[in-house]
Peer 1: 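Following this message is one structure expressed as structure tokens.
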Amino acid sequence: MFHIYCPYCEELREEEEFHPKGQAHIARPEEPDTCSDEEWGDYLFFRDNPRGIHHEMWLHAVGCRKFFNITRNTVSYEILETYKMGEQPTITAEHLAREEKNAREEKTNNAQVAEGGQQTVGASDAAVASVKGAQA
Amino acid sequence: MSQTASQPNRLAQGGQVDRTQALTFTFNGHTYTGHPGDTLASALLANGVDLVNRSFKYSRPRGIVASGAEEPNAVVQLGATEATQVPNVRATQQALYDGLVARSTNGWPDAQRDIMRWIGKLGSPFMPPGFYYKTFMAPASMWMTYEKFIRKTAGLGRSPTQSDPDIYDHMHRHCDMLIVGAGPAGLSAALTAARAGARVILADEQEAMGGSLLDTRETLDDQPAAQWLKTTLAALAEHDNVTLLPRTTAHGYHDHHFVTLHERRTEHLGDSAPSKAGYRQPRSRLHRVRAGQVILATGAHERPLVYANNDVPGNLLAGAVSTYIRRYGVVPGEKMVLSTSNDHAYRAALDWQEAGREVVAIVDARTAPQGDLVAQAKAAGIRVITGSAVLEAKGAQRVSAARVAAIDVDAFRVTGKVETLECDTIASSGGYSPVIHLASHTGARPVWSDAIIGFVPSTVAGVAASGGARGVYPLDEVLADGVEAGVNAATALGFDVTVDDADLPQVASRHEGPVCALFQVPHEKATLRAPKQFVDLQNDVTASAIEVATLEGFESIEHVKRYTAMGFGTDQGKLGNINGMAVTARCLGQSIPETGTTVFRPNYTPVTFGAVVGRHCRELFDPERYTPMQAWHVARGAEFEDVGQWKRPWYYPRKRADGGLESIGEAVARECRAVREGVGILDASTLGKIDIQGPDAREFLGRIYTNKWQKLAPGRVRYGLMCGDDGMVMDDGTTSCLAENHFLMTTTTGNAAPVLEWLELWHQTEWPELDVYFNSVTDHWATMTVTGPEARKLLTDLTDIDLDREAFKFMDWREGHVAGVPARVFRISFTGELAFEINVQAHYAMHVWEALFARGEAFDLTPYGTETMHVLRAEKGFIIVGQDTDGSVTPEDLGMHWAIGYDKPFPWVGKRALTRADTRREGRKQLVGLKPKDASVVLEEGAQIVFEPNHAIPMPMVGHVTSSYYSPTLESGFALAVVKGGHQRMGESVYLPMVDGRVHEAEIVSTQFVDPKGERQHV
Ligand SMILES: [Zn+2]
């Protein structure tokens, strides 16, 4: 069961207080009447189903009743950040891919460094922190 | 019934049982005695009970194998009465209490005389792997019969047929650190964290905390382990920040460090929970723990060796033998042979010999074992046969001998001459498997370690395994590992931790020789022809079955598991999975890590439904919502209908002249006539009500509803239709303009919450610039619908509102007083008759309701329920969203073109989709009325409609009935239905073939059966 930080209440709350509302950042076309049937169908029915980073909309249904966004790893279920409606995520799949690539290159350059440590599923804290740092 | 037996296997001393007290218990109808401190398993062994079950598939006799959660055979049905039956209890984990009653779970009707034995005896050719798939799947129609037979014979326990007298609690807990397992690792981690100031929960599944310390031969600080254990538990108990939970199994690790713990509060005390100070104690508690950090100190399970007939009673795990002797003072036999691949198992032989019984031999697969325990065994005069293993057990109801020979482990073959050793017990050990289940629940894949010959857990952030759970076995290292885990977790939580080495007790370090990787023992015969070598005892999966699976082409371990059913028992293959993987790997000529990993899912051990449900049962199962007039409805004898969580009066049966109660048909006919001819009243308080305010409220309504709202003046009401952006109808209701910036929206009863969420969704995510606010006022206002030709007359004397038909028109609302109470009265009608919907604040509602009835006596004011409401609205063709629509119906399909404002300036929700090719196409199902040719027929709701009743099957189905009733007004059945192209087929006949072979004919008609011009509501 998720432990979710509501960006409006500014508290961690149990998943039972929330409703998932599907993929985030699905903007309704500004001019629906000029959309083709296919474009309108895409807006209505087609959603991403990524392995890894996913931005999704949730509702603090029995809390503040506010909709907000979550960046979640669909493999580890780790919630990497939550942010208010209208804001953009600071952690994205592209950011993490870039970070991992940099880390890999660094490792090849320092081949003597032992891998060590326990395996963690999904994004490591360090990777997340560095992305956040880069954003700040 | 036999007389009380004398516990032939109980030692005169030793163990942690209280021999001064006798506890009487019954197993399979026989009465035995045991002592406080016993488990059911130790007491059965003390009494020399060898046979505890029949096996699942072959019906072979089975005895106790293990001493803990991993036990596959001794799974019993517990309960002295029908109401207290509990299935699938492991005898090894059930504390003994006086009066305990248990039966074998498998083996109906009796473990001793079992009909499945014949199938087992007739032999395995009848039950090869994949047996269920191959045999019972065809013909499919027989599956139900087969399934009943299999279930009954396999007997996977049964649920009680009477109500459980016990209560169960749920508790929500938060802690800095949750430590699972109170063995040496968990205890030292807990002590470290407690001293650092962390809030710690320490949970342990056993009757007593201590884990391996409860039966170890080792000393701590030169004292017996029990002494250190006692001091440490006392020290922990003194910390206010530590919660000790014994008898508590962490059975599920869920997301974000949410762990569920099942604490058995009173299951060790009796058949049902005793009372304390007049209150029944909870039988168990489910703790829902959210932890900052989690340490899994769950230890390791010993792996048995896989050899022929390794399932005959008398085959035990080496560690279990030690546990029974040292902890329970029970030695489960006379003459033992130990077959091992490691040093640690030598304990069993030493313990056995010290208990005064004979160790025939230790058979060690290693050619030159060299550890301290080996030396000790040799010094004790025990015969050690090296480079060998037990190939096969002899005996039917109990082991009678062990066939032993030299083997070549790597070549997987027998190399020496077979020697037969007479014995009644064979203990075996193939090493240890870390208990990685909880780590596995997080989704982290275990990793094979050649060093410990087992899987070690990988973990997600915030979780660490410690001690045996990660393959650290020597006691001194385990204690240090626990401290380290405690330090790391406390540090991660931000506590300042300093470790004092002196805290760790002194443990004499012991030399242990390397372990040999032995899983399945070779036999002189090939695996396919050798006597059965069991891998999974609970599901009767043999090494030969796994070999067959691989021969049939199943190479993925997941496929092998499913094909053979390995690991699918209530024990989840705790003993068998690794051996099964090893056999698969051998057959496929690959390594274990190449073969795959094992995945465990919650729950670690079975959890009773009672614990899962907690207090959410009976009246607390789901909240019930009542309107303010509930007491009146009950007093009036109303029958109720559930609408969501609401209890709504369904109809009000009256006494008939003959003294009996009206049937629903009679009551509804009377209520309908009252509304159409006099006056009736409906409690409509459950309708959803949303208060909408703000300068942009009107603009918002125009975007969310399909119809127009710009010109709705204060004092006026309008019907509105709401669609999803896919153009399908999702709700309807009236919205009233209370003031220029203030509206009251009503929704269907069931959609009150979803519609509010829908409004918020659009406001918060698409149109935050609109200045508008929404609030649910459903419970604040009670609604009473007074309707019928006499409604105005009834109300006139009760209100200061001018009810004149010109002053207060249809679809107007007025503010004033009713029965002296502030009220909003709406002239809207869901019956087609003159109607006033009176809204008053909920606390005034009963007063107003009673005043209406006091005045209504003169008019025979008739209360009516939801059934009459349905008939009356259907006669008028008024839809119910969710009954006449199903998420694939547009406003135009309903014939409600008049409610669509295509020319509104803003592209409102649903508009674009209504011009998609699919919503424009010919032949969509459209709402129509149906009039059965035979007036006495009431069509079945959901009945399929065809145009050609004589068409060959399958007939093209062109629609279905959505609402259908008998109309006392029409004196006929009538229905609403959706029919392909129905709007163009008025007057045509359709047909409804029924299950019983009858075919009803009906005519497509208008949906408005009564007063089609709508004059009556305007009077
Ligand atoms: Zn909130």
Side-chain angles (χ1 to χ4, degrees), chain A residues 1-5 8 12-16 19 21-22 24-41 43-45 57-62 64-69 72-79 84-86 117-128, chain B residues 172 174 252 254-260 288 290-291 439 442-447 456-465 470 488 492 724-728 753-754 756-757 759-768 774-776 902 906-913 915-920:
Chain A
M1 194 165 71
F2 295 168
H3 212 200
I4 299 172
Y5 183 83
Y8 294 96
L12 276 163
R13 294 304 189 100
E14 294 294 329
E15 183 181 330
E16 285 163 333
H19 287 174
K21 305 305 293 182
H25 307 296
I26 304 283
R28 189 178 196 241
E30 292 279 346
E31 300 286 345
D33 291 343
T34 64
C35 286
S36 68
D37 275 8
E38 193 178 344
E39 284 165 343
W40 194 251
Y43 153 69
L44 283 181
F45 302 122
M57 187 161 72
W58 284 68
L59 168 65
H60 198 178
V62 292
C64 62
R65 268 168 49 189
K66 287 285 197 182
F67 289 81
F68 62 96
N69 299 312
R72 190 170 70 90
N73 185 317
T74 60
V75 178
S76 67
Y77 289 8
E78 197 176 358
I79 292 174
K84 293 178 180 174
M85 201 47 60
Q118 280 169 322
Q119 177 195 334
T120 341
V121 175
S124 70
D125 289 347
V128 172
Chain B
H172 294 259
H174 297 264
H254 310 276
D255 306 307
H256 303 173
H257 308 327
F258 183 75
V259 184
T260 41
R288 299 155 60 92
R290 185 72 71 173
T442 66
R445 288 269 165 177
V447 179
V456 292
S458 60
T459 53
V460 297
V463 188
R470 68 181 195 98
N488 290 345
D725 228 354
D726 59 358
M728 302 303 153
L756 177 63
E757 187 182 311
L759 305 182
E760 291 284 4
L761 171 71
W762 285 92
H763 181 228
Q764 290 182 34
T765 66
E766 284 293 337
W767 312 317
F774 314 96
N775 244 309
S776 167
Y902 279 119
F906 190 87
W908 41 272
V909 178
K911 181 189 178 192
R912 174 63 189 82
T915 56
R916 293 182 78 208
D918 187 63
T919 44
R920 286 272 144 233

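Order of the sequence lines fixes the chain letters, A, B, ..., with proteins taken first and strands second; residue numbering starts at 1 for each chain. Just so it is clear, the values below take in all heavy atoms, side chains as well, and ignore hydrogens, waters and symmetry mates.
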Peer 1: Would you mind checking which part of A:M1 comes under 4.5 Å of any heavy atom in chain B, side chain (CB onward), backbone (N, CA, C, O), both or neither?
Peer 2: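 The answer is both parts of A:M1.
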
Peer 1: To check you understand the geometry: which heavy-atom pair defines the closest contact between A:W40 and B:D725, and what is its length?
Peer 2: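 Smallest interatomic distance, heavy atoms only, reads NE1-O, 3.4 Å.
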
Peer 1: Applying side-chain contact (heavy atoms from CB on, under 4.5 Å), name anything that partners B:H256, two or more places apart in sequence or on another chain.
Peer 2: A:F2, A:H3, A:I79, B:R290

Peer 1: Begin with the C-alpha distance, continue with both residues' side-chain angles, and end with the deciding distance and a verdict on side-chain contact (heavy atoms from CB on, under 4.5 Å) for A:M57 and B:L761.
Peer 2: CA-CA 10 Å; A:M57 187 161 72; B:L761 171 71; 3.5 Å; yes

Peer 1: Give, as side chain, backbone, both or neither, the part of B:A913 having an atom under 4.5 angstrom from any heavy atom of chain A.
Peer 2: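 Both backbone and side chain.
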
Peer 1: Is chain B contacted by the side chain of A:K66, its backbone, both, or neither, given a heavy-atom distance below 4.5 Å?
Peer 2: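 Contact with chain B is through both the backbone and side chain of A:K66.
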
Peer 1: Listed by chain and number, what are the side-chain contact (heavy atoms from CB on, under 4.5 Å) partners of A:Y5, not counting sequence neighbours?
Peer 2: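 side-chain contact (heavy atoms from CB on, under 4.5 Å) list for A:Y5, sorted by chain: A:E10, A:L12, A:T82.
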
Peer 1: In the structure I gave you, are the side-chain heavy atoms of B:Q764 and A:F68 within less than 4.5 Å of one another anywhere?
Peer 2: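 Contact flag for B:Q764/A:F68 side chains = no.
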
Peer 1: Within a reach of under 6.0 Å around OH of A:Y77, are more than 12 heavy atoms found that belong to other residues, nucleotides or ligands?
Peer 2: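 Not more than 12 within 6.0 Å, no.
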
Peer 1: Just give me the residue among B:E766, B:K911, B:H254 that pairs up with chain A most often, heavy atom to heavy atom, under 4.5 Å.
Peer 2: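 Answer, by heavy-atom pair count under 4.5 Å with chain A: B:E766.
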
Peer 1: Is a salt bridge present between B:R912 and A:D37, judged by a nitrogen-to-oxygen distance below 4.0 Å?
Peer 2: yes

Peer 1: Considering only NZ, NE, NH1 and NH2 on the basic side and carboxylate oxygens on the acidic side, decide whether A:E16 and B:R288 come within less than 4.0 Å.
Peer 2: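 Looking at B:R288 together with A:E16, the answer is yes, because their closest N to O distance falls below 4.0 Å.
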
Peer 1: Identify the two heavy atoms, one from B:V909 and one from A:R28, that lie closest to each other, and give their separation to 0.1 Å.
Peer 2: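 Nearest heavy atoms, B:V909 then A:R28: CA-NH2, 3.6 Å.
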
Peer 1: So do A:F67 and B:H763 actually touch side chain to side chain, heavy atoms under 4.5 Å?
Peer 2: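 Result no, sub-4.5 Å side-chain heavy-atom pair not found.
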
Peer 1: Is B:W762 close to chain A through its backbone or its side chain, or both, or neither, when contacts mean heavy atoms under 4.5 Å?
Peer 2: side chain

Peer 1: Give the member of B:T260, B:T915, B:D726 that has the highest number of heavy-atom pairs under 4.5 Å with chain A.
Peer 2: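 If we count pairs closer than 4.5 Å to chain A, B:D726 comes out on top.
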
Peer 1: side-chain contact (heavy atoms from CB on, under 4.5 Å) between B:E757 and A:R65: does it pass, once the steps are laid out?
Peer 2: CA-CA 8 Å; B:E757 187 182 311; A:R65 268 168 49 189; over 6 Å; no

